*Asks:* 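Mind having a look at this structure? Questions to follow.
Keep in mind that the numbers below use all heavy atoms, side chains included, and drop hydrogens, waters and symmetry copies. Quick caveat, the model's predicted, so the values are computed rather than measured. All residue numbers refer to positions in the sequence shown, counting from 1.
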Amino acid sequence: VTTGLALMRVHPRTGRTHQIRVHLASVGMPLAGDAKYGCNGGDDSKWCPRLFLHCHKLQLLALDGQPLAIQSDLMPELCQVLGSLTAT
């Protein structure tokens, strides 16, 4: 598929638009499938059908002031992408 990939867990400090995408691209590690901020010079669309960015857990205060946590499993198409990669 490709080389030089890393699976990362990141925790944004603010809710700024594209914070994760912009920061990783600025240090030479753009997200797979990110046409806006760079695909590392390759054609990610052949093996990754969309931007590989997933929010696993979101925590905030609900309107009543109580903590609210929402979790989401990785989407099937991104699970397939992970399954197609091999460790080196």
Side-chain angles (χ1 to χ4, degrees):
V1 172
T2 188
T3 60
L5 298 175
L7 182 60
M8 293 185 256
R9 178 177 293 192
V10 297
H11 301 272
R13 295 190 180 261
T14 70
R16 296 192 59 99
T17 304
H18 300 204
Q19 178 185 10
I20 295 167
R21 296 168 68 189
V22 170
H23 178 75
L24 289 175
S26 76
V27 296
M29 298 182 70
L31 298 176
D34 193 346
K36 183 172 182 109
Y37 294 104
C39 294
N40 225 7
D43 185 7
D44 293 343
S45 65
K46 291 180 181 176
W47 59 274
C48 187
R50 67 175 184 88
L51 176 66
F52 203 117
L53 183 62
H54 174 73
C55 178
H56 170 68
K57 187 175 186 179
L58 180 64
Q59 293 178 288
L60 51 101
L61 292 178
L63 294 175
D64 62 4
Q66 296 299 310
L68 175 64
I70 302 167
Q71 292 191 49
S72 174
D73 291 332
L74 193 61
M75 298 300 292
E77 67 270 16
L78 296 182
C79 287
Q80 289 176 344
V81 169
L82 287 180
S84 71
L85 300 175
T86 57
T88 56

*Asks:* Can you establish whether the number of heavy atoms outside His18 located under 6.0 Å from its atom NE2 is more than 12?
*Replies:*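 It does: His18 NE2 has more than 12 such atoms within range.
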*Asks:* Nearest 0.5 Å, please: how far is CG in Leu85 from CG in Leu7?
*Replies:*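 Atom-to-atom, Leu7:CG and Leu85:CG are 9.0 Å apart.
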*Asks:* Taking all heavy atoms of Ala32 and all of Trp47, pick out the closest pair and write down the distance.
*Replies:*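 In terms of heavy atoms, the two residues are closest at CB-CH2, 3.9 Å.
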*Asks:* Please identify each residue that fulfils side-chain contact (heavy atoms from CB on, under 4.5 Å) with Glu77, with sequence neighbours left out.
*Replies:*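 Applying side-chain contact (heavy atoms from CB on, under 4.5 Å) to Glu77 gives Pro49, Arg50, Met75.
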*Asks:* Could you name each residue pair satisfying ring pair (Phe, Tyr, Trp, His ring centres under 6.0 Å) that touches residues 50-69, not counting sequence neighbours?
*Replies:*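 Sorted pair list comes back empty.
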*Asks:* What distance do Leu78 atom CG and Cys48 atom SG have between them, rounded to the nearest 0.5 Å?
*Replies:*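 Atom-to-atom, Leu78:CG and Cys48:SG are 6.0 Å apart.
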*Asks:* Side chains of Leu51 and Arg21: closer than 4.5 Å at any heavy-atom pair?
*Replies:*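 Yes, side chains in contact.
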*Asks:* At what distance, to the nearest 0.5 angstrom, does CG of Leu31 lie from CE of Met8?
*Replies:*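 CE of Met8 is found 7.0 Å from CG of Leu31.
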*Asks:* Measuring from atom OG of Ser84 to atom CG of Leu82, what distance do you get when rounded to the nearest 0.5 angstrom?
*Replies:*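 CG of Leu82 is found 7.5 Å from OG of Ser84.
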*Asks:* Is there a path of hydrophobic side-chain contacts, each under 4.5 Å between heavy atoms of I/L/V/M/F/W/Y residues, joining Leu68 to Leu61?
*Replies:*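 Result: no, two separate clusters.
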*Asks:* I'd like to check the side-chain contact (heavy atoms from CB on, under 4.5 Å) partners of Asp73; sequence neighbours left out, ordered by chain and number.
*Replies:*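 With sequence neighbours excluded, Asp73 shows a side-chain contact (heavy atoms from CB on, under 4.5 Å) to no residue whatsoever.
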